[in-house]
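What follows is a single structure, written as structure tokens, with notes after it.
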Amino acid sequence: MTVLSLFQIPARHRMLTLSLFCLLLASPLRADDQKFMIAAANPLAAEAGRDMLARGGSAVDAAIATQMVLTLVEPQSSGIGGGAFLLYFDSKTKELETYDGRETAPAAVTETHFLKADGRRKKFYEAVVGGGSVGVPGVVAMLAKAHQDHGKLPWADLFDPAIKLAEQGFLISPRLHYLLDRDKYLKIKAATASYFYSAGGTAKTAGTRLKNPALAATLRKIAEEGADAFYHGEIAKAIVETVRSDNQNPGLLTLDDMANYEAIKREPVCAPYRAHHVCGMGPPTSGGITLLQALRILEAWDMPTIKPGSTEAIDLIAQASALAFADRGKYLADGDFIDIPIKGLLGADYVGDRSKLIIPGESPLPFQAGNPLEKQGSLGLDSAIELPSTSHFSIMDSAGNAISMTTSVENVFGSRLMTNGFILNNQLTDFSFSPATEDGPVANRIEPNKRPRSSMSPTMVFDGDGNLQMVIGSPGGSRIIGYVLKTIVASLDWNMDMQTAIAMPHFINRNGSLDLEADTPLADIQPELEAMGHEVKVRALNSGLHGIRITDGGLEGGADPRREGVVLTGETE
């Protein structure tokens with residue numbers, strides 16, 4: 001049985017089988033120092049990236065080829081109709097650059113965008129399905145900027161694998177079929193219904209060859225004319241028309257919004273963790289700061305001496321995460337619109353004081369947000385709902401340059417709108433639906449041209465000399481932060497190899513309930529954690545962690561057995 005056949009297993013047995021797979025697959029794939037490596041969520045996408053690396057392409061070249069194929073084969077998760085964050089490490093200069101390809105809100109939005117006429121908040125799927133949730137897609141502009149800085153192969157060549165697959169077709173995977181079969185909203189949109197479903201309205205079965213000539217034409221145009229072809233001309237017009245003409249939930253996107261989009265290079269956020277240096281993406285994602293704050297809080301505890309998966313370990317990590325999430329809900333949003341106290345949130349004195357709030361073995365949750373600055377205006381708590389559908393891949397080329405990239409359309413199949421062969425995002429629903437509370441305005445409220453807060457957490461870990469040690473990230477909505485946190489602790493503190501750390505059962509706390517991964521050994525200790533005061537929920541936790549670790553023996557890769565990902569390695573031709 002292969003990982004790809006997991007979704008043919010009855011639901012009541014699927015997670016149990018998965019937990020067994022986690023054990024069976026927990027041997028790392030290794031490569032020597034002269035080889036490259038890619039870990040991605042779909043074999044076809046990983047192969048496209050590998051082929052570019054084999055041709056002597058850079059990590060950025062491989063990332064572009066990988067993303068274009070993901071647009072075709074994993075449309076539920078990411079694509080050119082969405083956005084992304086990218087970390088790039090230059091092995092020669094030891095410099096880390098971060099690229100922001102997050103979507104932006106239309107210029108015409110108001111703070112009441114997600115409120116009904118009577119002032120009540122819209123229900124989540126009332127807001128998600130249709131054009132009202134679509135922001136200006138950013139991934140194409142971001143990849144073009146990264147390619148300009150670090151690409152080696154011609155831009156047009158990087159689209160060849162996706163164009164060929166779109167024209168010749170790919171086989172629907174069990175996971176894609178499973179998600180199509182479950183979705184309630186794709187069938188009511190003409191473009192997606194005709195593409196994904198049979199005439200009778202049933203999802204096309206796993207193994208069906210699915211061709212997408214419309215996407216092939218779109219990719220060919222971008223390949224030939226560059227990123228501008230996406231933000232101007234016929235493609236932009238089609239996006240705007242699709243968004244604005246939706247009869248259920250029309251949006252406000254304009255051609256000017258498309259033409260004015262810019263991907264941005266931003267400063268990374270970094271902080272020490274024991275002997276290591278951990279770096280991530282700064283705002284508008286909350287992932288980097290929240291992850292770093294949780295790690296810094298955990299420094300007060302001798303995690304290497306605590307047994308992995310024990311109630312003590314889970315309790316401490318859950319409380320550290322909850323403290324960081326309490327601050328996240330108040331202070332983190334698009335830093336171009338609000339001053340964010342980054343130094344305060346990550347400062348030694350502040351995290352030291354926060355760590356003192358942890359009571360081992362006695363959960364005091366929920367925590368209140370702290371005050372990382374002496375002077376801080378009144379802010380309300382965010383009410384954004386983040387449901388997962390995202391993808392992550394990690395890449396290292398033969399020169400030692402690396403990429404950690406998390407890419408998303410937000411919810412499963414985004415807004416459920418499709419144009420020119422690709423799904424459009426619903427990222428605007430990552431804004432708080434309520435613009436203010438009795439405590440003041442919400443930092444993550446929707447505003448014109450603003451980027452919604454994210455939880456995407458592409459991350460890199462370095463040693464004290466600035467040498468790269470790990471490339472990691474995951475999909476999973478706001479649980480992304482917890483997935484990456486667990487994996488870093490498992491790897492750095494508990495010396496697990498990359499595959500074992502990724503496959504280790506999940507436990508997540510976002511300053512509320514403590515989620516334990518169903519049908520794993522963690523479910524057995526639910527009573528003990530409840531006795532500590534935790535509100536425990538046992539549930540499926542479908543991450544998509546993909547990582548690379550640099551060891552004395554070479555590269556060590558890991559792919560999440562909860563999805564369809566693979567690790568591929570090779571040598572430059």
Side-chain angles (χ1 to χ4, degrees), residues 35-75 78-82 84 86 88-91 97 99 101 137-170 211-235 263 391 393-405 407 420-422 566 568-573:
K35 292 187 177 181
F36 56 74
M37 182 173 282
I38 178 170
N42 180 279
L44 294 172
E47 288 168 10
R50 178 200 59 192
D51 291 348
M52 297 304 159
L53 294 169
R55 290 174 53 186
S58 68
V60 167
D61 295 330
I64 296 168
T66 300
Q67 175 65 92
M68 296 310 143
V69 173
L70 286 174
T71 303
L72 174 70
V73 301
E74 204 183 39
S78 75
I80 61 173
L86 183 153
Y88 176 84
F89 172 70
D90 188 306
S91 63
E97 300 173 60
Y99 293 80
V139 71
V140 173
M142 184 200 76
L143 290 173
K145 182 178 285 289
H147 184 262
Q148 183 178 14
D149 293 343
H150 303 291
K152 290 177 65 178
L153 298 177
W155 169 263
D157 291 2
L158 310 177
F159 292 75
D160 287 344
I163 292 171
K164 183 177 180 180
L165 274 172
E167 290 177 336
Q168 297 181 356
F170 70 99
K211 298 180 180 181
N212 193 335
L215 179 61
T218 298
L219 296 179
R220 183 171 285 107
K221 190 172 185 65
I222 299 170
E224 293 173 352
E225 300 178 20
D228 280 352
F230 185 84
Y231 295 94
H232 304 268
E234 294 305 315
I235 298 174
S391 198
F393 50 85
S394 297
I395 302 172
M396 177 169 282
D397 63 29
S398 57
N401 307 307
I403 275 181
S404 179
M405 178 171 156
T407 173
N420 285 23
F422 58 90
V566 295
L568 300 178
T569 186
E571 295 183 80
T572 301
E573 296 172 354

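These values consider heavy atoms only, across backbone and side chains, with no hydrogens, waters or symmetry-generated copies.
- Between the side chain of Thr407 and the backbone N or O of Ser78, no donor-acceptor pair lies under 3.5 Å.
- For Asn401 (side chain) and Ser91 (main-chain N/O), a donor-acceptor pair under 3.5 Å exists by modelled atom type.
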* To do: Determine, step by step, whether Leu143 and Leu86 satisfy the side chain to side chain contact (heavy atoms under 4.5 Å, CB included) criterion, reporting the C-alpha distance in whole Å, the side-chain angles of both residues, the deciding distance to 0.1 Å, and the verdict.
  => CA-CA 9 Å; Leu143 290 173; Leu86 183 153; 4.1 Å; yes
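- From Leu72, atom CG reaches atom CD1 of Ile163 across 11.0 Å, with rounding to the nearest 0.5 Å.
- For the pair Asn420 (side chain) and Ile235 (backbone), a donor-acceptor distance under 3.5 Å is absent.
- Considering only heavy atoms from C-beta on, Met405 comes within 4.5 Å of Met142 through its side chain.
- Taking NZ of Lys145 as the start and CD of Glu97 as the end, the distance is 11.0 Å to the nearest 0.5 Å.
- Counting heavy atoms from C-beta outward, Pro161 and Met52 have side chains that approach closer than 4.5 Å.
- Going from atom CG of Asp51 over to atom CD1 of Ile38 covers 9.5 Å, rounded to the nearest 0.5 Å.
- Rounded to the nearest 0.5 angstrom, Glu224 CD and Phe159 CZ are separated by 10.5 Å.
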* Could you give me the CA-CA distance, side-chain angles and deciding distance for Leu158 and Met68, then say whether side chain to side chain contact (heavy atoms under 4.5 Å, CB included) is met? => CA-CA 8 Å; Leu158 310 177; Met68 296 310 143; over 6 Å; no
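- Between the side chains of Tyr99 and Asp149, at least one donor N or O lies within less than 3.5 Å of an accepting N or O.
- In this structure, the side chains of Phe422 and Pro137 stay at 4.5 Å or more apart for every pair of heavy atoms.
- In terms of modelled atom types and a separation under 3.5 Å, the side chain of His150 and the main chain of Phe89 share no donor-acceptor contact.
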* Run the side chain to side chain contact (heavy atoms under 4.5 Å, CB included) check on Leu568 and Leu53 step by step: do they pass? -> CA-CA 11 Å; Leu568 300 178; Leu53 294 169; over 6 Å; no
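- Qualifying side chain to side chain contact (heavy atoms under 4.5 Å, CB included) partners for Ala41, counting only residues two or more places apart in sequence or in other chains: Glu74, Ser391, His546.
- Here the closest non-hydrogen pair linking Ala214 and Gly421 is CB-N, 3.8 Å.
- Asp397 places a side-chain N or O within 3.5 Å of a backbone atom of Ala59 that can act as its donor or acceptor partner.
- Side chain of Lys152 to backbone of Asp61: no donor-acceptor contact under 3.5 angstrom is found.
- Scanning all heavy atoms of the two residues, the minimum distance from Lys35 to Thr569 falls at CB-OG1, 3.8 Å.
- When all heavy atoms are compared, the tightest approach of Arg220 to Glu167 is NH2-OE2, 2.8 Å.
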* Phe393/Leu70 under side chain to side chain contact (heavy atoms under 4.5 Å, CB included): CA gap, chis, key distance, verdict -> CA-CA 10 Å; Phe393 50 85; Leu70 286 174; 3.8 Å; yes
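- A distance of 6.0 Å separates CD1 of Ile222 from CZ of Phe230, quoted to the nearest 0.5 Å.
- A pairwise comparison of heavy atoms in Val566 and Ala46 identifies CG2-CB, 3.6 Å as the closest pair.
- Here the closest non-hydrogen pair linking Val139 and Ala84 is CG2-CB, 3.9 Å.
- Here the CG atom belonging to Leu153 is positioned 9.5 Å from the CD1 atom belonging to Ile64, to the nearest 0.5 angstrom.
- In terms of heavy-atom proximity, Trp155 sits nearest to Val140 at CH2-O, 4.3 Å.
- Arg55 and Asp157 are joined by a salt bridge, as a carboxylate oxygen and a charged side-chain nitrogen come within less than 4.0 angstrom of each other.
- By the 4.5 Å heavy-atom criterion applied to side chains, Thr71 and Leu219 are not counted as neighbours.
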